[in-house]
Amino acid sequence: MDAVIIDAVRTPVGKGKANGGLAGVHPVDLHAHALAELLRRTGIAPELIDDVIGGAVGQVGEQSLNTTRWAALSAGLPESVAAVTIDRQCGSSQQAIHFAAQAVRSGDYDLVIASGVESMSTITIGSQTVGRDPFGMGIARRYPEGLVPQGVSAELIAARWRLSRESLDSFAAESHRRAAVAWKEGRFDDEITSGQLTRPDGTSTDLLIDESIRPTTTVEVLAGLPPAFHSDALAARFPQICWNVTAGNSSPVNDGAAAVLIASSDTARRLGLWPRARLHSLAVVGDDPLYMLTGIIPATAKVLARAGLQLADIDAFEVNEAFASVVLAWLAETGADPAKVNINGGATAIGHPLGASGARIATTLLSVLEQTGGRYGLQTMCQAGGLANAMIIERLN
């Protein structure tokens with residue numbers, strides 16, 4: 001049995017700050033907004049949904065207690081519809097898509113929603129550790145010199161692949177340019193949720209565009225930003241680092257949600273639904289947790305091998321721009337055509353609402369394939385802890 005994508009939607013991505021366009025919107029309501037829009041667009045009877053599998057990284061406070069269950073109920077799904085929240089760090093909602101596809105392929109589920117949310121204006125990145133050690137003694141013994149924050153991993157990658165500050169800033173500026181052009185040309189219009197969101201104080205959002213995009217960003221502007229992760233102790237430990245990673249060539253903090261409806265072809269035909277794409281192949285890998293973000297390189301090789309495809313067969317790539325150095329290293333190792341990568345801009349510009357990003361990228365990849373007439377799209381995401389997932393989708397119409 002196969003698994004197909006019926007439709008996918010996302011909210012605009014807001015700045016994950018107190019003055020962001022989605023700040024003050026409860027994460028459950030933000031997530032519910034994407035779920036409700038997906039149901040409205042597809043016209044599917046909510047009681048037919050077998051499960052809602054949602055990703056969230058900051059599972060604490062307002063995003064805790066199986067937040068996906070509350071989002072499903074808030075969106076109007078019947079109490080009989082199950083829901084679960086998963087955490088594969090930045091790849092959480094892409095993993096939700098993987099799990100949904102696997103459940104449909106096995107025949108256990110007929111219809112599943114894979115989704116994700118992150119309100120970084122509400123839940124500060126890393127706050128789920130509540131100041132405690134999340135690793136334990138075994139990890140301390142295995143990595144006695146200690147692991148490092150993701151930004152330092154991005155610096156180590158830049159050093160290993162000899163990526164200059166100018167190359168990182170050029171990549172970031174191009175991401176903003178592409179995203180700004182895509183918005184101007186209406187390429188995001190069909191994937192964005194409609195309607196306003198209401199905050200608990202009664203005010204409504206008026207966010208109609210991805211808020212972190214800066215159309216006037218240039219390499220010269222980015223060159224003025226200081227290193228974001230430098231410390232004397234880390235500089236002494238890693239003398240090879242040139243400290244080229246800045247806030248400008250990294251993804252920002254953001255708020256957002258996205259949702260994808262997945263079914264088998266048989267179920268789609270029975271219900272009169274028209275699939276947009278087939279979930280062709282899936283893969284996950286583990287990699288060095290010190291370098292942390294390089295897993296997308298073996299993940300890409302693994303998913304291509306599993307699909308029986310070559311890099312040249314892929315018409316569009318979505319590679320999450322957690323940091324410019326990550327995508328540039330991936331490009332260097334794979335030899336992919338940069339013109340096919342993040343065609344409508346990436347997370348450096350659009351934003352990276354952690355738990356929602358996998359589903360957001362999948363939504364954009366569908367749009368890109370339809371806009372370009374491409375057949376195959378490949379999506380991959382690096383994750384904390386030295387993990388990555390990758391998937392290939394095939395456009396059907």
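We count residues from 1, following the sequence as given. Nothing here was measured: the structure is a model prediction, and the numbers come from that model.
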**Item:** Test applied, side-chain contact (heavy atoms from CB on, under 4.5 Å); reference residue, Glu318; option that passes from Ile343, Thr380, Thr364, Leu366
**Value:** Thr364

**Request:** Without swapping roles, check the side chain of Asp2 against the backbone of Ser265 for a donor-acceptor pair under 3.5 Å.
**Result:** yes

**Message:** Applying side-chain contact (heavy atoms from CB on, under 4.5 Å) to Ile125 and Met120, what does each step give before you reach the verdict?
**Reply:** CA-CA 7 Å; Ile125 188 169; Met120 300 178 78; 4.0 Å; yes

**Message:** What verdict does the side-chain contact (heavy atoms from CB on, under 4.5 Å) test give for Val13 and Ile209, after you've listed the backbone C-alpha separation in whole Å, the side-chain angles of each residue and the deciding distance to 0.1 Å?
**Reply:** CA-CA 7 Å; Val13 176; Ile209 194 170; over 6 Å; no

**Request:** For Ser251 and Ala322, indicate whether the former's side chain and the latter's backbone hold a donor-acceptor pair under 3.5 Å.
**Result:** yes

**Prompt:** What is the distance from atom SG of Cys382 to atom CD1 of Ile157, rounded to the nearest 0.5 Å?
**Reply:** 7.5 Å

**Item:** Over all atoms of both residues, closest heavy-atom pair of Ala388 and Ala299
**Value:** CB-CB, 4.0 Å

**Item:** Side chains of Gln196 and Asp206, donor plus acceptor under 3.5 Å
**Value:** no

**Fill in**
Joining Ile, Leu, Val, Met, Phe, Trp and Tyr whenever any side-chain heavy atoms lie under 4.5 Å apart, the cluster holding Met1 also takes in none

**Prompt:** Side-chain contact, heavy-atom cut-off 4.5 Å: Arg69 with Val81?
**Reply:** no

**Asked** Would Asn389 and Gln379 count as having a side-chain donor-acceptor pair, cut-off 3.5 Å?
**Response** no

**Request:** Please determine which of Thr300, Thr294, Ile297 meets the side-chain contact (heavy atoms from CB on, under 4.5 Å) test together with Glu333.
**Result:** Ile297

**Asked** Taking Val104 as the fixed residue, which of Val4, Leu111, Asp110, Val112 is the one that meets the side-chain contact (heavy atoms from CB on, under 4.5 Å) rule?
**Response** Val112

**Backbone of Arg375 reached by a side-chain donor or acceptor of Asp315 within 3.5 Å** = yes

**Request:** Answer yes or no: is there a side-chain heavy-atom contact under 4.5 Å between Ile296 and Val326?
**Result:** yes

**Complete:** Residue pairs meeting side-chain hydrogen bond (donor to acceptor under 3.5 Å, both in side chains), one or both in residues 75-86, sequence neighbours left out, come to Asn66-Thr85, Thr68-Thr85

**Prompt:** Considering residues, nucleotides and ligands other than Asp266, do more than 12 of their heavy atoms fall under 6.0 Å from its CG?
**Reply:** yes

**Complete:** Leu311 and Thr334 have their tightest heavy-atom pair at CD2-O, 3.2 Å

**Item:** Pair Ser194, Glu37: side-chain N/O donor-acceptor within cut-off below 3.5 Å
**Value:** yes

**Request:** Using side-chain contact (heavy atoms from CB on, under 4.5 Å) as the criterion, point out the one residue from Arg178, Arg177, Lys184 that pairs with Val181.
**Result:** Arg177

**Asked** Per the salt bridge (Lys or Arg N to Asp or Glu O under 4.0 Å) rule, which among Arg41, Arg10, Arg360 passes with Glu191?
**Response** Arg10

**Asked** What do the steps show when you test Thr11 against His33 for side-chain hydrogen bond (donor to acceptor under 3.5 Å, both in side chains), and what is the final call?
**Response** CA-CA 8 Å; Thr11 67; His33 185 65; over 6 Å; no

**Message:** How close do Asn254 and Pro252 get, counting heavy atoms only, and between which atoms?
**Reply:** OD1-O, 3.1 Å

**Request:** Using side-chain contact (heavy atoms from CB on, under 4.5 Å) as the criterion, list what pairs up with Arg199, not counting sequence neighbours.
**Result:** Val25, Asp201, Thr203, Thr205

**Asked** Does NZ or CZ of Arg395 lie under 6.0 Å from the centre of the six-membered ring of Tyr376, at an angle within 45° of the ring axis?
**Response** no

**Prompt:** Please walk me through it: do Leu222 and Thr218 pass side-chain contact (heavy atoms from CB on, under 4.5 Å)?
**Reply:** CA-CA 6 Å; Leu222 294 173; Thr218 64; over 6 Å; no

**Request:** With rounding to the nearest 0.5 Å, note down the distance linking CD1 in Ile213 to CZ in Phe188.
**Result:** 6.0 Å

**Request:** Answer yes or no: are there more than 12 heavy-atom neighbours, outside Lys340 itself, under 6.0 Å from its atom NZ?
**Result:** yes

**Distance, nearest 0.5 Å, that separates CG of Leu328 from OG of Ser170** = 9.0 Å

**Charged N-O contact under 4.0 Å between Lys15 and Glu211** = no

**Fill in**
Rounding to 0.5 Å, atoms CG (Leu282) and CE (Met391) come to a distance of 7.5 Å

**Message:** Is it true that, when you exclude Gln310 itself, more than 12 heavy atoms of the residues, nucleotides or ligands shown sit nearer than 6.0 Å to its CD?
**Reply:** no

**Asked** Can you list the steps and then say if Ser264 with Thr267 is a side-chain hydrogen bond (donor to acceptor under 3.5 Å, both in side chains)?
**Response** CA-CA 5 Å; Ser264 69; Thr267 298; 2.9 Å; yes

**Asked** With side chains defined as the heavy atoms from C-beta onward, is the minimum distance between Ile97 and Leu279 less than 4.5 Å?
**Response** yes

**Request:** Evaluate whether atom CG of Leu65 has more than 12 neighbouring non-hydrogen atoms of other residues, nucleotides or ligands under 6.0 angstrom away.
**Result:** no

**Message:** Whether the side chain of Ser93 engages the backbone of Ala359 through a donor-acceptor N/O pair (distance < 3.5 Å, no angle test) should be reported.
**Reply:** yes

**Distance-only donor-acceptor check, side chains Thr348 and His176, under 3.5 Å** = no

**Message:** A side-chain contact here means heavy atoms from C-beta on lying under 4.5 Å apart; do Ser153 and Tyr291 qualify?
**Reply:** no

**Any side-chain heavy-atom pair of Ser115 and Leu35 under 4.5 Å** = yes

**Request:** Ignoring hydrogens and angles, tell me if any N or O in the side chain of Asp133 forms a donor-acceptor pair with the backbone of Gly136 under 3.5 Å.
**Result:** yes

**Prompt:** Do you know which two heavy atoms are closest between Phe229 and Leu234, and how far apart they sit?
**Reply:** O-CD1, 4.3 Å

**Asked** Hey, are the side chains of Ile392 and Leu304 touching, using non-hydrogen atoms and a 4.5 Å cut-off?
**Response** yes

**Item:** Gln383 versus Gln95, side-chain donor and acceptor atoms under 3.5 Å
**Value:** no

**Spacing of Thr42 atom OG1 and Ile49 atom CD1 [to the nearest 0.5 Å]** = 7.0 Å

**Message:** I'd like to know whether CG of Asp189 has more than 12 heavy-atom contacts from other residues, nucleotides or ligands below 6.0 angstrom.
**Reply:** yes

**Asked** With side chains defined as the heavy atoms from C-beta onward, is the minimum distance between Gln59 and Thr67 less than 4.5 Å?
**Response** no

**Message:** Please find the pair of heavy atoms, one from Ala390 and one from His98, that lie closest to each other, and give the distance.
**Reply:** O-CE1, 3.4 Å

**Asked** Taking all atoms of both residues into account, what is the closest heavy-atom pair of Pro12 and Leu207, and its distance?
**Response** CG-O, 3.7 Å

**Cation-aromatic face contact Arg142/Phe135, 6.0 Å, 45 degrees** = no

**Request:** State, yes or no, whether a side-chain contact exists between Ile113 and Val260 at a heavy-atom distance under 4.5 Å.
**Result:** no

**Item:** side-chain hydrogen bond (donor to acceptor under 3.5 Å, both in side chains) assessment of Asp210 paired with Trp183
**Value:** CA-CA 9 Å; Asp210 297 319; Trp183 267 109; 2.9 Å; yes

**Prompt:** Under 3.5 Å, is there a donor-acceptor pair linking the side chains of Ser119 and Thr122?
**Reply:** yes

**Request:** Using atom types as modelled and distance alone, determine if a side-chain donor or acceptor of Asn320 lies under 3.5 Å from a backbone N or O of His352.
**Result:** no

